[in-house]
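These notes concern the structure reproduced below.
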Amino acid sequence: MRIATWNVNSIRARLPIALDWIQAQRPDVLLLQEIKTLEFPEMEFASLGYQIAYVGQKSYNGVAILSLHPMQDVIKALPGDPADDHSRYIEATVEGVRVASIYLPNGNPVASDKFPYKLRWMDRLYAHVEGLLEREMPVALGGDYNVIPEPKDCYDPRAWEGDALYRPESRGAFRALQHLGYVDAFRALHPQPHYYTFWDYFGNWERDQGIRIDHFLLSPQAADRLTECSIDREPRAREKPSDHTPVIVTLS
DNA sequence: ATGCCTATTGTGAATAGA
């Protein structure tokens, strides 16, 4: 079973690239973030055989799960704060695997209320995915975590000091998820430094100065089945790309 | 450190991203 995650930075702006990519790769499940619309363009993907569950929002945020197989028990918000109106979390069961599409808050500027919002959101995520472990089933939490886990996950750690993506609180909260028993799938298979999933639009792609912030966290039952995890840089090299590129995980 | 670019809303310039 192949599951991919991709922050597309607007599904409408990315429609040609996304349709090309999904036809070329045919993942069983594709988790999308930042669809940036209230209404997902479902028809185009349905005609390729994909079922779609999503929670949209005007202009900002928005997450989706596209699946070649039926989805069960969809939830469309991260529990823990009914007043949180950002569309940043959706979860479903596909072929016995619990999958989530996560768009974790950026958190910048750190001096604003956005940073405590990010940390509170990570606390809610911790509480929720701790509960998922009790199901003792494979869980794959994919998405844009907006966290650079370690120095080797960026080109120049000094450039990121003090940034919400690299602050000790953010990295600590990500590490806490791992300490619950969730495995960073890409890192487990690729210990080498300088693998990236995001490059800004200011020339960092050309210089290959990126950051690794899109991740799959796997429950023990999913990690036992982990055979492959890769970053597909091809969509980032195209015309009018997203600033993120897909990560694909394979479970036996 | 900031925002060189991109996207959205909506039709000009502000907001957000990371």
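Lettering of chains follows the sequences in order, A, B, ..., and the numbering in each one begins at 1. Just the heavy atoms: all of them, side chains too, but no hydrogens, waters or symmetry mates, feed the values below. If you're wondering where the values come from, they're calculated on a predicted model, not measured in any experiment.
- For A:Asn204 and B:dG17, the CG to C1' distance is 14 Å, given to the nearest whole Å.
- Whole-Å rounding puts the A:Phe198 CZ to B:dT6 C1' distance at 10 Å.
- When the salt bridge (charged side-chain N to carboxylate O under 4.0 Å, His left out) test is applied to A:Asp156, the partners found at least two apart in sequence or on another chain are A:Arg158.
- Nucleotides B:dA14 and B:dG3 are separated by 14 Å at their P atoms, to the nearest Å.
- Applying the salt bridge (charged side-chain N to carboxylate O under 4.0 Å, His left out) test to A:Arg212 and every residue at least two apart in sequence or in another chain returns A:Asp153, A:Asp184.
- A:Phe202 has its CZ atom 8 Å from the P atom of B:dC5, to the nearest Å.
- Electrostatic pairing of A:Arg236 and A:Asp243 does not count as a salt bridge here, judged by no charged N lying under 4.0 Å from a carboxylate O.
- B:dG12 sits 15 Å from B:dA7 when the C1' atoms are compared, rounded to a whole Å.
- Partner of A:Phe186 under the ring-ring contact (aromatic ring centres under 6.0 Å, His included) criterion, chosen from A:Tyr195, A:Phe216, A:Tyr196: A:Tyr195.
- One atom, CG of A:Asp163, and another, P of B:dG17, lie 12 Å apart when rounded to the nearest Å.
- Judged by closest nucleotide on DNA chain B, A:Ala159 is the one of A:Ala159 and A:Tyr103 placed further toward the 5' end.
- Under the side chain to side chain donor-acceptor pair (under 3.5 Å) criterion, A:Arg135 pairs with no residue, sequence neighbours left out.
- DNA chain B is contacted by both A:Glu161 and A:Asn61; A:Glu161 maps to the nucleotide lying nearer its 5′ end (nearest heavy atom per residue).
- Annotation: ring-ring contact (aromatic ring centres under 6.0 Å, His included) contacts of A:Tyr54 (sequence neighbours excluded): A:Phe40.
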Subject >> nucleotides 7-12 of chain B: protein proximity per nucleotide (B base, S sugar-phosphate only, - neither; heavy atom, under 4.0 Å) >> reply: SSS---
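- Nucleotides B:dC4 and B:dG17, compared at atom C1', are 15 Å apart to the nearest Å.
- A:Arg233 has a carboxylate O that lies under 4.0 Å from a charged side-chain N of A:Asp208, or vice versa, which qualifies the two as a salt bridge.
- Side chains of A:Asn7 and A:Glu34: a donor on one and an acceptor on the other come within 3.5 Å.
- Rounded to an integer number of Å, the gap from A:Asp156 CG to B:dA1 C1' is 13 Å.
- Spacing between B:dC5 and B:dG10 at atom P, rounded to whole Å, works out to 25 Å.
- Between the CZ atom of A:Arg88 and the C1' atom of B:dA16 there is a distance of 10 Å, given to the nearest Å.
- Proximity of residues 116-123 of chain A to DNA chain B (heavy atom under 4.0 angstrom from any strand atom) is not detected for any residue.
- Across the protein-nucleic acid pair, A:Trp199 atom CH2 and B:dT6 atom C1' stand 17 Å apart, rounded to whole Å.
- By the 4.5 Å heavy-atom criterion applied to side chains, A:Tyr89 and A:Val55 are not counted as neighbours.
- If you check the side chains of A:Asn9 and A:Ser242, you find no donor sitting under 3.5 Å from an acceptor.
- Rounding to whole angstrom units, CZ of residue A:Arg238 and C1' of B:dT6 are separated by 17 Å.
- Residue contacts for A:Ile148: at a heavy-atom cut-off of 4.0 Å it reaches no nucleic acid atom on any strand shown.
- Comparing B:dT6 with B:dT2, their P atoms are spaced 22 Å from each other, to the whole Å.
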